[in-house]
J.: 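This is the structure, below, for whatever I ask next.
Note: hydrogens, waters and symmetry copies are ignored here, and every other heavy atom, side chains too, is used. For reference, positions follow the sequence shown, starting with 1. Because the structure is predicted, anything quoted here is derived from the model rather than measured.
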Amino acid sequence: MNADQRAAMAAPARFRSPSIFIWVVIISFAAFFIQGFASADIRSDRLLQGLGNLGNFFAQSVPPDTSRLGPIFRAMLETLNMAIVGVTFGVILSVPFALLCSSNTSPNAVVRTVSRMIVATLRTIPDLIWALIFVVAVGLGPLAGILAIVMDTIGFCARFFSERIEEIRPGPSEALTATGAGRMSVIFGAILPESMASMTATSLYSVEKAIRSAVVLGLVGAGGIGVELSVSMRMFRFDQALTIILVILVVVIAVEQISSAIRKRVI
């Protein structure tokens, strides 16, 4: 090997010339960025005014008003109930959807395609829109929030469950099939046990996600702590609003720590 060949091998890889598709993506991104930046009307005077308004908010919210801790804790408990009930039903319903979406468990390509379209639709529609739909359907209150979380959880969990099911080792399934086991026996005896650790971790993350979502859902009348926060902000009771925000912060951090500890033991 001569010196030129050694130099060529030692030289770092060079960027290839971008294709037409890459140039289209770059130009489109730049166009949307410039349009978005211009439409936001970002000016220094608006930013300075915003800082002043933010300072007024904190000045009026400190110290936090703790006179309504009882109703706030009850609303926070309602939010936790919404999240846990919604995620529980959502995870249970996600399992059959995941099995229908997976290439190694779906009966045929048509069922797999239709199931994936349904899951993609559920995942694409934001949970806030689901909440607005169910508020119209069942009225104000926690039920609308629970149904919204169920739909959002199915769209989220079914996708990750199906990906995990497709990645499992074929050995246990093939062994059961060789003994004459049917499709359902293979699913419950090999596929689901193999996927259980990953599915549990995804479900725990869904609880964290649902609690944050439930807070926002309350702003549109779906029950929970979001209702208390919305009322406090509309009445300019910023000291009560800060108390609610601190309660939400403590609960979310506590749930995340508990969920993280469980995931470390499961995985």
Side-chain angles (χ1 to χ4, degrees), residues 53-94 122-123 125-157 200 202-263:
N53 293 335
L54 190 62
N56 291 334
F57 169 79
F58 284 110
Q60 297 179 41
S61 60
V62 177
D65 181 8
T66 58
S67 61
R68 299 190 68 254
L69 275 180
I72 290 173
F73 281 134
R74 285 193 293 271
M76 192 69 237
L77 179 61
E78 186 177 71
T79 298
L80 287 171
N81 292 337
M82 288 169 51
I84 293 173
V85 173
V87 168
T88 301
F89 280 107
V91 168
I92 293 173
L93 294 174
S94 295
L122 296 178
R123 186 173 63 253
I125 299 176
D127 49 7
L128 189 61
I129 295 180
W130 281 122
L132 291 171
I133 293 173
F134 286 120
V135 164
V136 173
V138 301
L140 300 172
L143 179 57
I146 290 173
L147 294 175
I149 292 173
V150 169
M151 294 298 170
D152 185 64
T153 302
I154 294 174
F156 176 78
C157 285
T200 302
T202 302
S203 302
L204 290 171
Y205 181 75
S206 297
V207 175
E208 302 175 22
K209 180 174 178 291
I211 291 175
R212 290 189 290 267
S213 297
V215 174
V216 180
L217 299 183
L219 298 177
V220 296
I225 195 70
V227 177
E228 292 282 342
L229 181 59
S230 177
V231 171
S232 297
M233 295 296 290
R234 290 176 182 176
M235 296 180 63
F236 301 102
R237 294 298 307 271
F238 298 141
D239 49 354
Q240 286 186 7
L242 181 59
T243 302
I244 295 171
I245 293 171
L246 293 175
V247 170
I248 294 171
L249 180 64
V250 170
V251 171
V252 169
I253 292 176
V255 171
E256 287 181 349
Q257 293 300 315
I258 295 172
S259 176
S260 178
I262 295 175
R263 281 200 300 269

J.: Testing the basics here: between A83 and I211, what is the closest heavy-atom pair and its distance to 0.1 Å?
T.: CB-CG1, 3.6 Å

J.: Between T79 and A214, is there a donor-acceptor pair closer than 3.5 Å when you use the side chain of the first and the backbone of the second?
T.: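 Here the side-chain-to-backbone pair does not exist.
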
J.: Salt bridge between E256 and R212, side-chain N to carboxylate O under 4.0 Å?
T.: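 Looking at E256 and R212, the cut-off is met.
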
J.: Mind listing the closest non-hydrogen atom pair of C157 and T202 along with its distance?
T.: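 Result for this residue pair: SG-CG2, 4.2 Å.
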
J.: Hey, mind stepping through W130 and L122 against side-chain contact (heavy atoms from CB on, under 4.5 Å) and telling me if it holds?
T.: CA-CA 9 Å; W130 281 122; L122 296 178; 3.6 Å; yes

J.: Please find the pair of heavy atoms, one from E228 and one from A75, that lie closest to each other, and give the distance.
T.: CG-CB, 3.7 Å

J.: Could you pull out the closest heavy-atom pair between A148 and L217, with the gap in Å?
T.: CB-CD1, 4.0 Å

J.: Apply side-chain contact (heavy atoms from CB on, under 4.5 Å) to the pair F73 and V247, showing each step before the final yes or no.
T.: CA-CA 8 Å; F73 281 134; V247 170; 4.2 Å; yes

J.: If I compare all heavy atoms of D127 with all of S213, which pair ends up nearest, and what's the gap?
T.: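 That closest heavy-atom pairing would be OD2-OG, 2.8 Å.
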
J.: Can you find a pair of side-chain heavy atoms, one from D152 and one from K209, that are under 4.5 Å apart?
T.: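 In contact.
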
J.: What I'd like to find out is whether the side chain of I149 reaches to under 4.5 Å of the side chain of V87, using heavy atoms alone.
T.: yes

J.: Do the side chains of T153 and F89 get nearer than 4.5 Å, heavy atoms only?
T.: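 No, side chains not in contact.
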
J.: Where the side chain of T88 meets the backbone of I84, is there a donor-acceptor pair that is under 3.5 Å apart?
T.: yes

J.: Determine whether N81 and P142 make a side-chain contact, defined as any pair of heavy atoms from C-beta on separated by less than 4.5 Å.
T.: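 The answer is no; the side chains never approach within 4.5 Å.
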
J.: How about I146 and F134: do any of their side-chain heavy atoms sit closer than 4.5 Å?
T.: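 Counting from C-beta outward, I146 and F134 never come under 4.5 Å.
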
J.: Hey, what's the ring geometry for F238 with F236, parallel, tilted or perpendicular (30° and 60° as the breaks)?
T.: perpendicular

J.: Report the C-alpha distance between M76 and I248 in whole Å, list the side-chain angles of each, state the deciding distance to 0.1 Å, and finish with yes or no for side-chain contact (heavy atoms from CB on, under 4.5 Å).
T.: CA-CA 7 Å; M76 192 69 237; I248 294 171; 4.1 Å; yes

